Amino acid sequence: MGKFDIDDILNDLGVSGEGDGNGKRNRKQLPRPDQPGPIDEGGPARKLDPFAPPGSPRGPVNRHTIDKAEQAFSPLPAMPSGQRGFGLRDDAPTSADDPAVPIKPPEAPRATVGEALSNIYDPASEGHGELAHAPAELAAFLVNQGSITPAQATAAQQVVATSSGQNIADLLVEQGADEIKVYQGVAELADVPFERVDIDRGLDGGFDGTMLQRLTSDFCRNHLILPLRVVKSAPGVPGRVVVGATRPDDVFLLDEVRRRLGTASVKLVVVPPSDVKMAIELVGQQAVAEQQQQENLSEILSDVDEADVQVEKIRESQEVDLEAQAAESPVIRYVNYIIQTAVKEGASDIHIEPAEKKLKVRFRIDGVLFEMMHPPAGMSAAITSRLKIMGNLDISERRLPQDGRIRCVVGGRKLDLRMSTLPNTYGEKTVMRILDTKSINVELENLGFDPDTLSVWQKAIDEPHGIVLVTGPTGSGKTTTLYASLRQLDKNSMNISTVEDPVEYHLDGVTQTQMHDKIGMTFAKALKALLRQDPDVIMLGEIRDKETAETAVQAALTGHLVLSTLHTNDAPSSITRLVNIGLEPFLVGAAVRAVLAQRLVRRLCANCKVQEKPSEEFAEYLTMVGLSADTVWAGKGCNKCRNRGYTGRVGIYELLTVDDQLRDMIARNPNVAEFRRICIERGMVTLRADGMHKVAQGLTSVEEVIRATEANG
């Protein structure tokens, strides 16, 4: 095979070489193979001709344009496009660097899909979800708002600039900035509403426990997110989930929340991180408490015995037989424990309220409900059934309300528990009114009467005939006042009878009649029957209708003393109420002797009450009502009063006595406002005035008096 000159071949192909312009290359004499070749100054060492025959000296290579590609003279042949050379390493150049591929001008690098998304969301970075605006923008906004100082802003920006994954809002809070103001600024700058989580309400309205369970506590804790509630715009339309988050622009987190909750619509609000952490901690504490309570239930009840609360066997059909319940059980002991604790704390009512995942036991003490216990939720039905057995109710009926009565002995004291059940969403709510004979055996002198008011009231109940009324809302102590008044009367020389609904307390020497509407035993019918029993004093539980009122007036006008109650706000309103029922005004004026309106206010704790200087506005009000504005009594709170500042209650009273002049006015049927004004002008002491008098004595506080008499002005 003949020899060919590569330059000639290239010239024939129309490819010019780097020569002198006449088709001939300028060649220089190369040194011998055993001598090092010269190196051009300022350039790389010249490469030898790879096509020279073996053993012959190889001259320098003057490359053509096509030879300028990387690996132009590779010993391996060119590969087809898209294939790799056989035997090359994994990191060796692919066919894209093959000398057979023409050199193209360099193009601007194109970001792949993954690279484009990585600029938005980097799962490996803790700082994802940072505010879309720059940290400097948030810092400047908060400085303008006065929420942070310029020094705090500068320091936080420096940390963000030198550290990856840092949130400037968190850094500002760590530096001492007000968390609420910082995240209010975050919300305002992101145009998202700001909210606080109601930790006090917890799972009862502060946040949604069901959705929190679906998201899991770990997820919410790690991402500082909390489901708050579901808002429905219209009936039948799926609700919109309101979610609280600390980073309002983390769209990927919101997508994950939608997926986990299975909802299409999520409304985002900004909440402080501390609220989210407290809410999750609260859920954890409740879960731990319920678990511990479930595990240690036997230990909790170890000091409570079934004999501690002895249920008395009542005669006739109301008798409760506990022999079938002789075997000790945690449910029996727990019910006894609830009753024991309520009596010990001086409660007037026990509320047992089942919820979705918990069971609450609340006591009403001094007129205020306190949450006392959280039995395991699984005991709800068992506790209700036990109480139904004690009250002789139908255990199998859970769809209808039931009323019963439990008579028991606790600590040697005989108690009556008036029990009522009401079906609700998660079971049956049970409320028991504790009727303690000890609490009702209070003398008139100890109820809180002013000496002048007490003497006028005692004179009214000593009248041989007429109507004496006690008025006030439910729970204002009307029954206690009437029973204390009846005990002032001479039971040996007088025939005293009562008609009540129900008979709450039993009085010796008094004939007490239970009213039964279902069988037609109404107040009016019972009162007519009593009038044939030669009574001297009759006590009616309440005057509710025209028939009862007419019978009571007839009894009063025929020589009987009638004591009864009405539900009105003040004493003068009772007169107009009787007229509105249907009585003639002149009959009302002739029959009514006195009307006593009353309220119960909490008494300041004697152990922790102190005198303190009132505020300027408070002092002005005290001056207006005629009290000294220098100091005022207040309860600080101690262990004896459960840190409330109050223990026990005292009554405030408004007594109206009807004289001849008022009888003439009643006969003209005046309106309430005019009649009340005339009564005050004639010396009637109002409820608020009597309450302020007790404030001056240090018995109660101004706040309590205003709360109790708010409807009276």
Side-chain angles (χ1 to χ4, degrees), residues 121 128-133 138 141 145 167 169 178-287 353-360 369 371 377 422-427 429:
Y121 173 68
H128 73 273
E130 181 64 73
L131 296 175
H133 46 269
L138 175 62
F141 181 80
Q145 293 288 329
N167 184 294
D178 188 342
E179 181 188 56
I180 305 303
K181 293 182 179 179
V182 169
Y183 279 91
Q184 282 178 341
V186 170
E188 188 172 349
L189 199 57
D191 197 19
V192 175
F194 177 82
E195 286 190 15
R196 295 295 307 274
V197 181
D198 193 344
I199 303 297
D200 293 335
R201 296 181 65 184
L203 295 173
D204 292 334
F207 51 93
D208 195 299
T210 303
M211 290 191 292
L212 177 60
Q213 187 177 12
R214 294 175 64 181
L215 289 176
T216 73
S217 297
D218 292 338
F219 178 84
C220 294
R221 185 183 297 106
N222 294 336
H223 296 86
L224 290 178
I225 195 166
L226 187 70
L228 300 178
R229 58 189 175 274
V230 177
V231 179
K232 291 189 176 182
S233 58
V237 178
R240 189 180 186 188
V241 178
V242 180
V243 175
T246 59
R247 296 177 178 178
D249 59 348
D250 196 341
V251 294
F252 295 95
L253 179 58
L254 288 182
D255 288 340
E256 179 65 13
V257 171
R258 290 190 189 96
R259 186 188 67 82
R260 291 186 176 227
L261 296 179
T263 181
S265 179
V266 171
K267 178 184 178 182
L268 180 70
V269 298
V270 174
V271 295
S274 60
D275 285 3
V276 178
K277 294 175 183 178
M278 290 176 62
I280 297 174
E281 183 180 356
L282 176 64
V283 174
Q285 289 176 352
Q286 290 183 352
E353 305 168 352
E356 182 179 4
K357 294 182 180 179
K358 64 180 180 179
L359 180 64
K360 289 194 302 185
L369 279 172
E371 197 165 323
L422 180 68
N424 68 358
T425 307
Y426 303 106
K429 177 180 177 180

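For reference, positions follow the sequence shown, starting with 1. Note that the coordinates shown come from a computational prediction; the quantities given were computed from them, not determined experimentally. Hydrogens, waters and symmetry mates are skipped; everything else that's a heavy atom, side chains included, is used.
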State, yes or no, whether a side-chain contact exists between [X] and [Y] at a heavy-atom distance under 4.5 Å.
X	Y	result
V243	L228	no
M211	V241	yes
R247	V186	no
V269	F194	no
L224	K277	yes
I180	Q184	yes
R196	D275	yes
V270	E188	no

Is R221 salt-bridged to D218, going by a charged N under 4.0 Å from an acidic O?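 Looking at D218 together with R221, the answer is yes, because their closest N to O distance falls below 4.0 Å.
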
Please determine whether a side-chain nitrogen of the Lys or Arg among E353 and K358 lies less than 4.0 Å from a carboxylate oxygen of the Asp or Glu.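 So E353 does not pair with K358 through a salt bridge.
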
Heavy-atom closest contact ([X] atom, [Y] atom, distance):
X	Y	answer
V266	T263	CG2-CG2, 3.9 Å
G262	R214	N-NH2, 4.0 Å
L226	F207	CD2-CB, 4.0 Å
T246	P272	CG2-C, 4.2 Å
V271	G244	CG2-C, 3.6 Å
A245	I225	CB-CG1, 4.1 Å

Could you check whether any side-chain N or O of R240 sits under 3.5 Å from a backbone N or O of V231, counting only pairs where one atom can act as donor and the other as acceptor?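 No.
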
Other residues, nucleotides, ligands: >12 heavy atoms within 6.0 Å of [X] [atom1]:
X	atom1	answer
D191	CG	no
K181	NZ	no
Q213	CD	no

For the atom pair [atom1] ([X]) and [atom2] ([Y]), what is the distance rounded to the nearest 0.5 Å?
X	Y	atom1	atom2	answer
R260	C220	CZ	SG	8.5 Å
N424	K429	CG	NZ	8.5 Å
E256	L215	CD	CG	9.0 Å

Residue pair D208, R229: steps toward the side-chain contact (heavy atoms from CB on, under 4.5 Å) verdict: CA-CA 6 Å; D208 195 299; R229 58 189 175 274; 5.8 Å; no

Worked check of side-chain contact (heavy atoms from CB on, under 4.5 Å) between E179 and V182: CA-CA 5 Å; E179 181 188 56; V182 169; 5.7 Å; no

